[in-house]
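Every chain is numbered from 1, with letters handed out A, B, ... down the list of sequences.
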2 protein chains.
Amino acid sequence: MTSDRRMQILDAAASLISERGFTSTSVDDVIKGAKLSGKSHFYHYFKSKEELGYEVLNRQFERFAERGLAILREPMIDPLERLGLFIDAVVALQAESGGRRGSPFGNLAAELADAHEGFRIRIEAVFERWASQIRSLLWEARPQLYDDVDAVRLSRFIIATLEGAVLMTRLKRDISVLEGIAVDLKRFIGTHVRDGIAAHHARDVE
Amino acid sequence: MTSDRRMQILDAAASLISERGFTSTSVDDVIKGAKLSGKSHFYHYFKSKEELGYEVLNRQFERFAERGLAILREPMIDPLERLGLFIDAVVALQAESGGRRGSPFGNLAAELADAHEGFRIRIEAVFERWASQIRSLLWEARPQLYDDVDAVRLSRFIIATLEGAVLMTRLKRDISVLEGIAVDLKRFIGTHVRDGIAAHHARDVE
DNA sequence: TGCCACTAGGACCGTACGGTCCTAGAATGC
DNA sequence: GCATTCTAGGACCGTACGGTCCTAGTGGCA
């Protein structure tokens with residue numbers, strides 16, 4: 001049953017949850033947002049609020065995979081350039097909501113990591129898939145990188161910085177926070193590249 | 001009335017909130033944690049749960065200022081070295097709770113940034129004070145840094161990365177995530193330093 | 001012994017939540 | 001026209017929350 005109604009519910013829920021958090025989003029809110037007839041209508045499609053949350057998380061990740069992570073796998077573009085484009089895409093995605101939404105994963109992680117093991121595991125899996133995409137890219141780019149580049153550590157650094165930046169952006173309601181951090185992040189990645197650009201030169205290269 | 005009881009309540013609340021979040025921590029939980037006799041006892045010290053939350057936030061910041069930010073102002077130590085020590089202190093603070101607690105500010109920010117304007121403003125102020133401490137330090141270190149180092153941007157980058165790293169650490173329940181990111185962060189800061197160490201050399205210098 | 005001040009402790013209230021179940025009425029088949 | 005199926009919509013339930021208020025018991029004092 002991947003009906004329209006189901007999608008409608010998931011969209012409404014995703015929007016509400018990313019704005020107000022999972023706990024603060026009630027089933028009634030979702031019903032109102034998706035214009036359902038009543039509670040029984042909702043529970044026809046989802047067996048519990050928890051299950052709804054899991055599916056919203058899945059859907060958010062799929063969307064992120066399509067619109068963000070896909071860039072990391074573009075075969076016709078140089079891997080490191082792809083990484084830069086991906087970071088730009090994260091900024092653009094964030095700019096869409098005026099920086100008010102935050103990362104759907106980071107928000108849930110902060111809200112539920114300790115309160116709800118089911119979510120914690122699923123969110124961890126999301127970040128792991130994200131990290132593995134970056135690791136593959138770094139592996140692909142390995143001829144251009146210094147030999148001692150630790151792909152696991154660098155991929156974690158990139159993700160943590162982006163998540164932290166999105167959080168700060170949401171808090172300050174100012175997308176330029178993320179933009180600035182994205183620039184620095186790209187520069188940091190540049191310092192791992194073997195073309196011999198020293199750090200203080202890299203700084204000038206956008 | 002900065003009584004012991006009050007402190008006891010604040011400690012218990014801080015512990016609960018940093019573990020389970022503000023919304024998921026009930027007043028009854030706090031009462032149980034602080035071993036109060038009943039609700040009226042609690043409401044004798046705090047006029048509402050919201051007010052309790054504000055004071056917990058204040059207290060957490062004061063503790064962080066004493067145990068963390070204080071390092072940034074140590075007058076006898078070279079500023080950049082201080083920055084490294086500060087990052088170490090953040091790691092150590094996080095290790096104390098086994099990486100399970102997360103940042104008291106980042107957690108609240110993610111949980112309440114959009115849901116509760118009062119908290120948002122206060123949390124933003126906390127980060128602003130933190131950022132200003134780093135900016136002062138960078139200003140102090142300015143003779144050692146390249147001329148084009150943007151203190152505002154770099155301070156934001158440092159904070160965002162640390163917050164993101166703490167979030168990831170909590171999610172994965174693995175302190176080594178933060179440790180690795182801290183190493184990279186120090187290296188990134190190193191690339192702003194004028195001593196001519198190129199990035200790929202800096203990598204070897206712990 | 002009788003009185004008072006104080007507070008521990010809990011009963012209670014209104015609201016909101018997740019979730020279940022029932023009914024009124026429209027659509028369908030004969 | 002009548003019976004049957006289906007579902008929109010809401011009434012309802014138990015629980016948990018934030019917050020208020022009252023009672024019963026204790027200790028101090030004359």
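Smallest separation of non-hydrogen atoms from A:Gln144 and A:Leu80: OE1-CD1, 3.4 Å. Of all non-hydrogen atoms in B:Val91 and B:Ala182, the two that sit nearest each other are CG2-CB, 3.7 Å.
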### Query
What string of B, S and - do you get for nucleotides 4-9 of chain D, 5' to 3', when a contact is any protein heavy atom under 4.0 Å?
----SB
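Under the ring pair (Phe, Tyr, Trp, His ring centres under 6.0 Å) criterion, B:Phe188 pairs with A:Phe188, B:Phe157, B:His192, sequence neighbours left out.
Donor-acceptor pairing under 3.5 Å is recorded for the side chains of B:Arg101 and B:Ser15. If you check the side chains of B:Asp174 and B:Ser176, you find a donor sitting under 3.5 Å from an acceptor.
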Enumerate all atom pairs, one protein N or O and one N or O from nucleotides 24-26 of chain C, separated by less than 3.5 Å.
none

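Atom CD of A:Glu50 and atom C1' of C:dG19 are 13 Å apart (whole Å). In this structure, A:Tyr43 places its OH atom 15 Å from C1' of D:dG10, rounding to the nearest Å. Between B:His44 atom NE2 and D:dC21 atom P the separation is 16 Å, expressed in whole Å. Atom CD1 in B:Ile31 sits about 11 Å away from atom P in D:dG19, given to the nearest Å. Computed from coordinates, the B:Lys32 NZ to D:dG18 P distance equals 12 Å when rounded to whole Å.
Side-chain N or O atoms of A:Arg120 include one that pairs as donor or acceptor with a backbone N or O of B:Leu171 at under 3.5 Å. Between the side chain of A:Arg82 and the backbone N or O of A:Glu74, at least one donor-acceptor pair lies under 3.5 Å. Of the possible polar contacts, none joining the B:Glu163 side chain to the A:Gly164 backbone as a donor-acceptor pair under 3.5 Å is found.
Separating the CD1 atom in B:Ile17 from the CG atom in B:Leu57 is a distance of 9.0 Å, to the nearest 0.5 Å.
Of the residues in residues 17-29 of chain B, B:Thr25, B:Ser26, B:Val27 come within less than 4.0 Å of DNA chain D through at least one heavy atom, sorted by number.
Applying the ring-ring contact (aromatic ring centres under 6.0 Å, His included) test to pairs two or more places apart or on separate chains, those with a residue in residues 89-117 of chain B are B:Phe64-B:Phe105, B:His116-B:Phe119. Residues in residues 86-96 of chain B take part in these side-chain hydrogen bond (donor to acceptor under 3.5 Å, both in side chains) pairs, two or more places apart or across chains: B:Arg67-B:Glu96, B:Asp88-B:Lys186.
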